[in-house]
Structure formats: structure tokens, C-alpha cells
There are 2 protein chains.
Amino acid sequence: MNTLAEENYLKAILNISFNTNKKVSTNEISNVLKTSPASVTDMLKKLLEKKLVEYEKYKGVELSNSGKQYAINILRKHRLWETFLVEHLGFNWSEVHEIAEELEHIKSTKLIDKLDAFLGYPKFDPHGEPIPNKEGVIPNVKSTSLDQMEVGFAGHVLGVTIDDKLFLDYLTKLNIKIGTKIEIIQKIDFDKSLIVRIENIQNHISFDVAKNILIKNN
Amino acid sequence: MNTLAEENYLKAILNISFNTNKKVSTNEISNVLKTSPASVTDMLKKLLEKKLVEYEKYKGVELSNSGKQYAINILRKHRLWETFLVEHLGFNWSEVHEIAEELEHIKSTKLIDKLDAFLGYPKFDPHGEPIPNKEGVIPNVKSTSLDQMEVGFAGHVLGVTIDDKLFLDYLTKLNIKIGTKIEIIQKIDFDKSLIVRIENIQNHISFDVAKNILIKNN
DNA sequence: AAATAAATTTAGTTATGTCTAAAAATTTTT
DNA sequence: AAAAATTTTTAGACATAACTAAATTTATTT
């Protein structure tokens, strides 16, 4: 069995990999986990020992097969708990991340499988993120971030790519949630910001915001 | 905020106090937590420092007011989670203790209050144990253990006092659950065991078993 | 009330996971 | 291709929470 700290490192490596597809650097991990690079090196040695990662000094790290399965299982637990919190306990989507950060470390497999059944085997969490199944397979939906769509495009929000309270509260204020129809009215070349129509109201959103909103891709 | 280890010590002290009403000894704690007495001494010093216990060298320990509130809150979380696991996820009463031992350490107060509401503010958990409310008040039901009842007594099971898989599985085999009617047919003086009737079937149960079954007391 | 036994504490170690400062390797710039 | 900058690792410390062995205190016998 792995410790809390080990689990958090595996999770961090998986998350960084999703964005970069390259080997993960010591510094990236230390930024995500807010620890010193020296601590990261220490932990990578330990994870290598346990064969949860492939790691060579100065060359970066990636998850081994078993490490990846382990990390995906944590992600599965995180997203199932978030779904429970929103759909059954009445939390809103910006509140659940922190609590799920704790719940994702509960070990019982039977618990998580029963929770999955209780929730009706959901494929997506309250942020539209895919929930890995028991076998670690992540449902694949082709999606594009809003910033890549052209002026004139109109479509529905599929999900978001970050689970940050400030971001999600801002979206809520803009009346954006999963399924919301968004139309691109204009794109500002200078700062890549967008003027969009949501529920018949025009709003000006930054590139950073658009980048983290996912739209269905046919 | 207190660590996992600290929480487990507070919990252990509370549990022992329920049975003894005296100051709790180092040895008792080390037995419950399966640590060495020396480790217990170390931790008691730390808890004293934090004013969670009243402790004098060689004289035993008891919870301070704040320590007691803290420990009761852990108990509240434990019992609410057990209720959720049995009533909504379909676990049986002998499986939930271990999982609740992990869930009870999840910190969010908002989570536990919402869970409480979701469950309909239950007063008793699946073992018949009272669930402390948000204010730390524990519902008080007068109950007597089965071993203290006389021959000829007939009544209903209110709950059990231990949360042990072997014990609960045995009760299930005997067809004993909460609400089950039990009649005392005979008491064996030699070993204090009892012959009882449950659902029209006679069974011979030991003193140790009877001691841990609670009966309503008028 | 001594002597013995039992319980508890102290002292000294260990493993985990963190840190800072310094050294080494890699990458980027000139 | 050297020099400079950045990244990463090593070395040495520290806090937590555990341990064993030895010392001390308290409780029980005789």
C-alpha cells in the first residue's frame, strides 16, 4: 500500500502528463505540489524503488504501467466522490474539489464500486471530466477548447479543464455551466479574448478562460 | 488541526472512558491502539501541550472539554458514515467499521452536516449506537445488556456495543439484528451463558455475547 | 514495611517526508 | 565552444510518530 504523499505525487505526475505528453520534470512536480525540488527528487527515488515510475536522474519521470493504473484509480475516486457531493449532497461544482482531495484517498475498492453503482455508473463528473471505469479506461470524448473555435461558432459546453474555485465561481457568475449554449460573436486578435453570447447576454471573456472551456467536437 | 495519529488517540481515550468512567491508563491505550506504552506516553505529552487532555505523569489521562468535543465529533462522523454505507450503498453491518475508520477523518464540517441532512438526521447508526448531533450531544437511551436480564424476560434488541466483524457476523448467523425479539429461556450459572429463543429457534449464547447485546430498559 | 511485581516514563534509535545550502549536470546564451 | 543560467541532485537537518531497553514510580505481596 502507498502513503498519502506517494499518492499525491502519482496524481501530480498523471495530471502533468495529460497536458504535456512529455516526461515530467522535477520542477513541474515541485510547482504543483508546492514542495522543494529536493523533496521531489527524494520521492522519485522512492517511487522508482516501488516501480511506480520510470525515472532517470536529470532526465525526468513518467508513470510505469502500474503507477498509471494506480493514479487513474485515484482520479476515478476523486471524480466519483465529486459526483456524489454535487448530485446527492447538494454541493455546487466549485466547492467539491477540496473535499474530494481527501475522499480520493479512502482505500476500499468495494466502497468505490458500490458508490459507482449508487451513482448509476456516471461517465462524467460535475465538471464534465470523464470518470475512469473500474478497469481504468477513461471515456474519450473529442472536445476542443473554446478558444480554438471560429467567430460565428455556436455550441454547447461539454466541460471544463480545471477544477479551481475562482474559475468555477466566475463561470457561474457568467451563467456558464455544463450544457450552456455559447456563441462566438467576435475574437480580439490583440489579446486573443472573445466576445461571446450566453443566454442572450454578451460577455467578454479572456483567452485564459476560453482555453479552459471545452466544446463538443464533431 | 490535529493529525491522524492524534485523532486516533483522542478516539481511543473517549472509547475507553465510556466503559470505565475512570482516568485512562497508558497501558489501556497501548492495548487498544496496538502501540507500545512508551509511544503512548510520548503522545500524551503532545496532547497535553495542545490542551486536548488532562494528564499527569503516572496518574492516567482524561479528555479536556475541547478534546472531548473533538473526539465526539469523530464519533459522529464515524456513525454517520456507517449509516450511509449500510442504508444507501448496501453494505451489511459487519463490513462498515473499517471503512468508517478512514472516512471519520475527513475534515469538512459542511460535508458532514450535509451528509447528516441527506440521511435524515438519524439518531442511531446501523449497530444501534447513538449518533452525536452537531452540538456534540449524544442521544441517551436507557439500555441494559442482555446478560443482566432474568429468565423469562422477552424484549427487542436495541443495539450492540462492539463493532467487530466476527461478532456481528455471528449475530447475523444467529438471526439477531436490531429489533429482533429475544426471550431468555434459561441461564447457566456455571459459565453465565444463556439459552435464548430467537425467531422461534433456541440458541445457546455465551456471556461474552450477551454482554454486548443491548436491550431496551424501561 | 520491605520486597517483589507491574506499570509508566525516559533515553536513545529509526523511517517518512519535508527543508536549506551547496554541488553537479544540463540547457541556453553569447 | 565557452560562459552563464537554470535545473536537478546530494548532503545534512528537522519534526512526527513509532520502536526497544533501561530506569523510575506505583501497586501488590509477603
Side-chain angles (χ1 to χ4, degrees), chain A residues 1-14 16-17 19-63 67 70-71 74 101-102 104-105 107, chain B residues 1-14 16-17 19-63 67 70-71 74 101-102 104-105 107:
Chain A
M1 202 27 60
N2 305 307
T3 67
L4 184 62
E6 287 165 353
E7 292 196 348
N8 284 331
Y9 275 91
L10 293 176
K11 221 178 50 167
I13 297 168
L14 182 69
I16 298 167
S17 309
N19 301 322
T20 61
N21 305 312
K22 277 182 286 188
K23 282 194 182 172
V24 174
S25 76
T26 300
N27 254 359
E28 285 173 306
I29 298 171
S30 81
N31 284 334
V32 169
L33 296 180
K34 277 122 180 58
T35 59
S36 71
S39 304
V40 175
T41 301
D42 286 347
M43 182 56 91
L44 291 182
K45 283 182 193 163
K46 206 180 147 197
L47 294 175
L48 178 63
E49 195 87 352
K50 290 188 160 198
K51 296 195 198 283
L52 292 163
V53 298
E54 277 152 38
Y55 164 61
E56 265 183 291
K57 258 192 188 185
Y58 295 106
K59 303 284 160 121
V61 69
E62 56 191 328
L63 295 172
Y70 198 99
I74 300 173
E101 289 283 294
E102 286 189 69
E104 73 191 3
H105 299 289
K107 288 175 189 64
Chain B
M1 204 26 61
N2 305 308
T3 66
L4 183 62
E6 287 165 354
E7 292 196 348
N8 285 331
Y9 274 92
L10 293 176
K11 222 178 49 164
I13 297 168
L14 181 69
I16 298 167
S17 309
N19 302 320
T20 62
N21 304 312
K22 277 182 285 188
K23 282 193 182 174
V24 174
S25 74
T26 300
N27 256 358
E28 287 172 306
I29 298 171
S30 80
N31 285 333
V32 169
L33 296 180
K34 277 124 180 55
T35 59
S36 71
S39 303
V40 175
T41 302
D42 285 347
M43 183 56 92
L44 292 182
K45 284 183 192 162
K46 205 179 147 196
L47 294 175
L48 177 64
E49 196 88 350
K50 290 187 159 198
K51 295 195 200 277
L52 292 163
V53 298
E54 276 152 37
Y55 164 61
E56 266 183 292
K57 256 192 192 189
Y58 296 105
K59 305 280 161 121
V61 68
E62 57 191 327
L63 294 172
Y70 197 98
I74 300 172
E101 288 284 294
E102 287 188 70
E104 72 191 4
H105 299 289
K107 290 175 186 65

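- With sequence neighbours excluded, no residue satisfies side-chain contact (heavy atoms from CB on, under 4.5 Å) with B/Lys51.
- Applying the side chain to side chain donor-acceptor pair (under 3.5 Å) test to A/Lys22 and every residue at least two apart in sequence or in another chain returns nothing.
- With sequence neighbours excluded, the residues satisfying side chain to side chain donor-acceptor pair (under 3.5 Å) with B/Glu104 are B/Lys11, B/His78.
- Taking the side chain to side chain donor-acceptor pair (under 3.5 Å) definition, one finds that B/Lys57 meets it with nothing, sequence neighbours left out.
- Within the structure, every side-chain polar atom (N or O) of B/Lys45 is placed at least 4.0 Å from both OP1 and OP2 of C/dT9.
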Checklist entry - Could you write nucleotides 24-29 of chain C as a row of B, S and -, 5' to 3', where a protein heavy atom under 4.0 Å of any base atom gives B, of only sugar-phosphate atoms gives S, and otherwise -? => result BSS---
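- If you take NZ of B/Lys22 and C1' of D/dA27, they are 14 Å apart, rounded to a whole angstrom.
- Rounding to whole angstrom units, CG of residue A/Asn2 and P of C/dA15 are separated by 19 Å.
- Residues A/Thr41 and A/Tyr55 have side chains in contact (heavy-atom distance under 4.5 Å, counting atoms from C-beta outward).
- Remark: A/Glu62 pairs with no residue by the side chain to side chain donor-acceptor pair (under 3.5 Å) rule, at least two apart or across chains.
- Computed from coordinates, the B/Tyr55 OH to D/dT25 C1' distance equals 12 Å when rounded to whole Å.
- Rounded to whole angstrom, the span from the OH atom of A/Tyr9 across to the P atom of C/dT16 amounts to 14 Å.
- In this structure, CG of B/Asp42 is placed 13 Å from P of D/dT20, rounded to the nearest angstrom.
- We find that CE of A/Met43 is positioned 11 Å from P of C/dC19, with the value rounded to whole Å.
- Evaluation of the side-chain hydrogen bond (donor to acceptor under 3.5 Å, both in side chains) test over residues 28-40 of chain A, restricted to residues two or more places apart or in two chains, returns A/Ser25-A/Glu28, A/Ser36-A/Ser39.
- Judged purely by atom type and a 3.5 angstrom limit, B/Glu7 has no side-chain atom pairing as donor or acceptor with the backbone of B/Ile74.
- Contacts of residues 25-41 of chain B with DNA chain C (heavy atom under 4.0 Å): B/Ser25, B/Thr26, B/Asn27, B/Pro37, B/Ala38, B/Thr41.
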